[in-house]
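Right, one structure below, let's go through it.
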Amino acid sequence: MDNETHESGQIHIDINHEVCVGAGQCALAAPSVFTQDDDGFSALLPGREDGGGDPMVREAARACPVSAITVSVEGS
C-alpha cells in the first residue's frame, strides 16, 4: 500500500509525549501505525512515521482524548 499523500506532500505524525496519558485509542484505531511503549504511552511503530498509508491515522488522532497526536502534511 502506498504512503498516504495529500496534494503536495506526505503526512507526518507527531506525538506530544508530555500530553499523552496512555489512553490507547490511537493503537485501537490504527494498530498498524501506533502502539504503546513499556510505560503504556503512545508510540509509532518503526517505519510508520509517515502513517504507512493507513487511512485510519487521522481517525486515531481525532480519537485521542487529550489531542496528543498531530497529523500534518509535509511539503505544503
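Just so it is clear, the model here is predicted, and its values are computed rather than measured.
- Distance CG/Leu44 to CG/Asp50: 9.5 Å, rounded to 0.5 Å.
- In this structure a side-chain-to-backbone donor-acceptor pair under 3.5 Å is present from Asp37 to Asp39.
- Considering all non-hydrogen atoms of both residues, Ile11 and Arg58 come closest at CG2-NH2, 3.5 Å.
- Considering only heavy atoms from C-beta on, Thr70 stays 4.5 Å or farther from Asn16 through its side chain.
- Ala61 approaches Val71 most closely through the heavy-atom pair CB-CG2, 3.8 Å.
- Residues Phe34 and Leu45 fail the side-chain proximity criterion, which asks for heavy atoms closer than 4.5 Å.
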Acceptor/donor pairs from residues 18-32 side chains to any protein atom, 3.5 angstrom cut, sequence neighbours excluded:
| residue | atom | partner | partner atom | Å |
| --- | --- | --- | --- | --- |
| Ser32 | OG | Asp54 | OD2 | 2.6 |

